[in-house]
Participant: 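I'd like to ask some things about the structure below.
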Amino acid sequence: MNEPSAIENTRPEETDMPPGTPDHEPDEPRPEDEGHDLSAEFIREVRESIDEGDGTHVRSLCEELHPADVADLFEQISDDQRKALVGILGQMLDPITLVEVDEDVRDLIIEAMSTGQLADAVSELDTDDAAFVLEDMDEEARLEVLAEVPVAERLALLSALEYEDETAGRLMQREVFAAPAYWTVGQIIDRLRSPEELPETFYEVFVIDPAFKVIGSVPLAQFLRNPRETVIGDLVGEQELRRIPADMDQEEVAYLFEKYNLISAPVVDRGDRLVGMITVDDVVEIVHEETHEDMLALAGVEAEQSGISGSLRATVSSRFSWLAVNLFTAILASVVISFFDATLEQVVAVAILMPIVASMGGNAGTQTLTVAVRNLATRELTAANALRIVGRETLVGLINGCAFAVLMGCISGVWYGTIGGGGGAEAGLVLGLVLAAAMIINMIMAGLSGILIPLVLQRVGADPAVASAVFVTTVTDIVGFFAFLGLAAIFIVG
């Protein structure tokens, strides 16, 4: 009969506290609130303890925190407190924290760490995470750290850093579990149980030939179901193994993982030899990073300067350029308006209603643009179906334009003909029809520009997420003003 577990032996009456009693004293700040974020009270307690120089209390508060929560804590305190916290935590600072923290804060933490401490941290990380930490350091500082890293890890890191940024080679971890095709399940199990260092996380055994080329893979779940004498090569399935070239862009890697539902994949060099592997947790980071960059790019914000920890000068500089472009496009729209100054002087209602046309077009264009950029990123919008999608978005713009044209045409006609302008029913009807026609034209143009501009930008090699929004807004503003003022000049004034 099996021994009962420790959990089974624990009875409520044997403890000092009744079931459900919180682990923390009532007056002690809880590290996390219900949303799993650090509570404001906890952060305040840490700040005060750092300022008071009470390192013992700071360590007691932080000792049970997950590295990701420690990273959040670093981002919530001041620069001076960050430097102090690095010294207080010392060896308690989990190396994973350097991976989780915002880039600007990571630079400051690295600056506050000693070379030996940083070398120890890098040695404990997987090669992909270690390369991520080292890549932004200047060459001299990086070499100083690598000089104190054990030779095997140093060579692996130098090899990883040779690959271009945002490629599979930089993303992969070089620690990988592989076995020759002639090995048996028993031999592999014995190797797994040996003192030999293994990858921290892996989901399958890669089967290789004598030239270290990948023949296939065997999922651990399938591998463990077979007898010890089974040859691993006989377990390789017929399904094609997706090999990732080391120089493949990380967006392409994420696309392959999503399309083929991969959990892990081998990374190969130009000679098709196994050099590492990429796991799904790495891909989740890519998807988050790329989505984050695209979302910010649509607003003209650089991802590097989007965090709350970025310096004031760098943030202002990064946003100024796009605001300058927006100013130029706004001047173009103003030039179009200036062509119709006589119309505006004679019919005040035109000036009042004019922003509605441009605003509706701009919002409609942004909607289409957002969908287009996302579909381009996920490969759902391609040259093969582009014509059909352009036609659909044009039809959407036409239908929405007609619907809002009827609504605003009636409102503006009634208002101008009776209440607001007193121009009479006929004048109100003409103004309503002009506004309706201009809105239909601009909504159609919004749909067209929202889909065509990102397609054209991608075709010429530009990033659609970065530049599309400015062009779409410019088109809808200019077309909206020109259509409304032009029609007003013809049918109302002229």
Participant: Can you tell me which residue pairs pass the salt bridge (Lys or Arg N to Asp or Glu O under 4.0 Å) test with a partner in residues 257-276, sequence neighbours excluded?
Facilitator: Asp269-Arg273
Participant: Would a 4.5 Å heavy-atom cut-off, applied to side chains only, mark Asp94 and Val70 as touching?
Facilitator: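 Of all side-chain heavy-atom pairs linking Val70 with Asp94, none is under 4.5 Å.
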Participant: Show every ring-ring contact (aromatic ring centres under 6.0 Å, His included) that has at least one partner inside residues 129-170, sequence neighbours left out.
Facilitator: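 Sorted pair list comes back empty.
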Participant: Measure the CD-CD1 distance between Gln117 and Ile110 for me, rounded to the nearest 0.5 Å.
Facilitator: 11.0 Å
Participant: With sequence neighbours excluded, what pairs up with Phe202 under the ring-ring contact (aromatic ring centres under 6.0 Å, His included) test?
Facilitator: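 Scan of Phe202 (ring-ring contact (aromatic ring centres under 6.0 Å, His included), adjacent residues dropped) gives Phe177.
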Participant: Between Pro454 and Leu369, is any pair of side-chain heavy atoms under 4.5 Å apart?
Facilitator: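 Yes, side chains in contact.
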Participant: Quick one: list whatever passes side chain to side chain contact (heavy atoms under 4.5 Å, CB included) with Glu162, sequence neighbours left out.
Facilitator: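 For Glu162, no residue satisfies side chain to side chain contact (heavy atoms under 4.5 Å, CB included) once neighbours in sequence are set aside.
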Participant: Hey, does the side chain of Asn385 reach the backbone of Thr382 with a donor-acceptor pair shorter than 3.5 angstrom?
Facilitator: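 Side chain of Asn385 to backbone of Thr382, a donor-acceptor pair under 3.5 Å: yes, one is there.
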Participant: Shortest non-hydrogen contact from Arg228 to Thr184?
Facilitator: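 Minimum heavy-atom contact is O-CB, 3.3 Å.
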Participant: Arg47 side chain to Gln81 main-chain N or O, any donor-acceptor pair under 3.5 Å?
Facilitator: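 No; judged by distance alone, with no hydrogens or angles, the pair does not exist.
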Participant: Show me the pairs that pass ring-ring contact (aromatic ring centres under 6.0 Å, His included) and involve residues 217-269, at least two apart or across chains.
Facilitator: none
Participant: Answer yes or no: does atom CZ of Phe206 have more than 12 heavy-atom neighbours from other residues, nucleotides or ligands under 6.0 Å?
Facilitator: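 It does: Phe206 CZ has more than 12 such atoms within range.
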Participant: Please walk me through it: do Leu376 and Leu455 pass side-chain contact (heavy atoms from CB on, under 4.5 Å)?
Facilitator: CA-CA 8 Å; Leu376 283 171; Leu455 280 171; 3.9 Å; yes
Participant: What is the distance from atom CE of Met113 to atom CZ of Arg106, rounded to the nearest 0.5 Å?
Facilitator: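 Rounded to the nearest 0.5 Å, the CE-CZ separation comes to 12.0 Å.
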Participant: Are more than 12 heavy atoms, taken from residues, nucleotides or ligands other than Ile263, located less than 6.0 Å from that residue's CD1 atom?
Facilitator: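 12 or below, so no.
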Participant: Going through the distances and angles, do Thr394 and Leu398 end up as a side-chain contact (heavy atoms from CB on, under 4.5 Å)?
Facilitator: CA-CA 6 Å; Thr394 303; Leu398 175 62; 5.7 Å; no
Participant: Donor-acceptor pair, distance only, cut-off 3.5 Å: does the side chain of Glu252 make one with the backbone of Asp249?
Facilitator: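 A pair under 3.5 Å: no.
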Participant: Got a second to check how far Met172's CE is from Gln250's CD, nearest 0.5 Å?
Facilitator: 14.0 Å
Participant: Calculate, to the nearest 0.5 Å, the distance between atoms CG and CG belonging to Asp79 and Leu108 respectively.
Facilitator: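 One finds 5.0 Å between CG of Asp79 and CG of Leu108.
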Participant: Apply salt bridge (Lys or Arg N to Asp or Glu O under 4.0 Å) to Arg243 and list each qualifying residue two or more places apart in sequence or on a separate chain.
Facilitator: none
Participant: Please examine the side chains of Leu235 and Val185, heavy atoms only from C-beta on, and report whether any two atoms are closer than 4.5 Å.
Facilitator: yes
Participant: Carefully, step by step, assess Thr279 and Asp282 under the rule side chain to side chain donor-acceptor pair (under 3.5 Å).
Facilitator: CA-CA 6 Å; Thr279 54; Asp282 300 316; 3.1 Å; yes
Participant: When you look at CZ of Arg225, are more than 12 heavy atoms from neighbouring residues, nucleotides or ligands closer to it than 6.0 Å?
Facilitator: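 It does not: Arg225 CZ has 12 such atoms or fewer within range.
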Participant: Measure from the side-chain N and O atoms of Asp126 to the backbone N and O of Asp128, and report whether any donor-acceptor pair falls under 3.5 Å.
Facilitator: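 Flag not set: sc Asp126 to bb Asp128 has no pair under 3.5 Å.
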Participant: Quick check: closest heavy atoms across Leu73 and Cys62, and the distance to 0.1 Å?
Facilitator: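 Between these two residues, the closest heavy atoms are CD2-SG, 3.7 Å.
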Participant: Quick one, Asn442 and Met360 - any side-chain contact, counting heavy atoms below 4.5 Å?
Facilitator: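 When only atoms from C-beta onward are counted, Met360 and Asn442 do not touch, as no gap falls below 4.5 Å.
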Participant: Count the heavy atoms of every other residue, nucleotide or ligand shown that sit under 6.0 Å from CD of Glu164, and state whether that count exceeds 12.
Facilitator: no
Participant: Nearest 0.5 angstrom please: Phe74 CZ to Thr97 OG1, how far?
Facilitator: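 Nearest 0.5 Å value for the CZ-OG1 distance: 7.0 Å.
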Participant: Under a 4.0 Å threshold between the charged nitrogen and the carboxylate oxygen, would Arg142 count as salt-bridged to Glu139?
Facilitator: yes
Participant: Kindly indicate whether the side chain of Arg374, heavy atoms from C-beta on, has any atom under 4.5 Å from the side chain of Val371.
Facilitator: no
Participant: Determine the minimum heavy-atom distance between Thr368 and Ile451, stating which atoms define it.
Facilitator: CG2-N, 3.8 Å
Participant: Would you call Arg82 and Asp104 a salt bridge, using N to O less than 4.0 angstrom?
Facilitator: no
Participant: Restricting to non-hydrogen atoms, name the atom on Ala246 and the atom on Val267 that form the minimum distance, rounded to 0.1 Å.
Facilitator: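 Heavy atoms only, the tightest pair is CA-CG1, 3.7 Å.
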Participant: Please walk me through it: do Ile43 and Val46 pass side-chain contact (heavy atoms from CB on, under 4.5 Å)?
Facilitator: CA-CA 5 Å; Ile43 294 171; Val46 173; 5.7 Å; no
Participant: Looking at side-chain heavy atoms only, is the closest gap between Val145 and Leu134 below 4.5 Å?
Facilitator: yes
Participant: How about Leu224: does its CG atom have over 12 heavy atoms from other parts shown lying under 6.0 Å from it?
Facilitator: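 Buried by this count: over 12 neighbours within 6.0 Å.
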Participant: Between Thr127 and Ala156 (side chain of the first, backbone of the second, donor and acceptor by atom type, cut-off under 3.5 Å), is there such a pair?
Facilitator: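 Looks like no, no N/O pair under 3.5 Å.
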Participant: Compare every heavy atom of Thr476 with every heavy atom of Ser449, then report the nearest pair and how far apart it is.
Facilitator: OG-CG2, 4.3 Å
Participant: Verify, without hydrogens or angle tests, whether Ser49 (side chain) and Glu45 (backbone) share a donor-acceptor contact under 3.5 angstrom.
Facilitator: yes
Participant: As a test of understanding, state which of Leu118, Asp120, Leu125 forms a side chain to side chain contact (heavy atoms under 4.5 Å, CB included) with Pro95.
Facilitator: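 It is Leu125; the other options fail the test.
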Participant: Tell me, do Ile478 and Leu332 make a side-chain contact under 4.5 Å, heavy atoms counted?
Facilitator: yes
Participant: Could you walk me through whether Glu75 and Asp72 satisfy the side-chain contact (heavy atoms from CB on, under 4.5 Å) test, starting with their C-alpha distance in whole Å, then the side-chain angles of each, then the deciding distance to 0.1 Å, before giving a yes or no?
Facilitator: CA-CA 5 Å; Glu75 292 172 2; Asp72 287 343; 4.0 Å; yes
Participant: Supply the atom-to-atom distance Leu262 CG to Tyr203 OH, rounded to the nearest 0.5 angstrom.
Facilitator: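 Taking CG in Leu262 and OH in Tyr203, the distance rounds to 12.5 Å.
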Participant: I'd like to know whether CZ of Arg379 has more than 12 heavy-atom contacts from other residues, nucleotides or ligands below 6.0 angstrom.
Facilitator: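 Counting other residues, nucleotides and ligands, CZ of Arg379 exceeds 12 neighbours.
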Participant: Shortest non-hydrogen contact from Ala254 to Ile286?
Facilitator: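 The pair with the smallest heavy-atom distance is CB-CG2, 4.0 Å.
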Participant: State, yes or no, whether a side-chain contact exists between Leu157 and Arg154 at a heavy-atom distance under 4.5 Å.
Facilitator: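 No - every pair of side-chain heavy atoms lies 4.5 Å or more apart.
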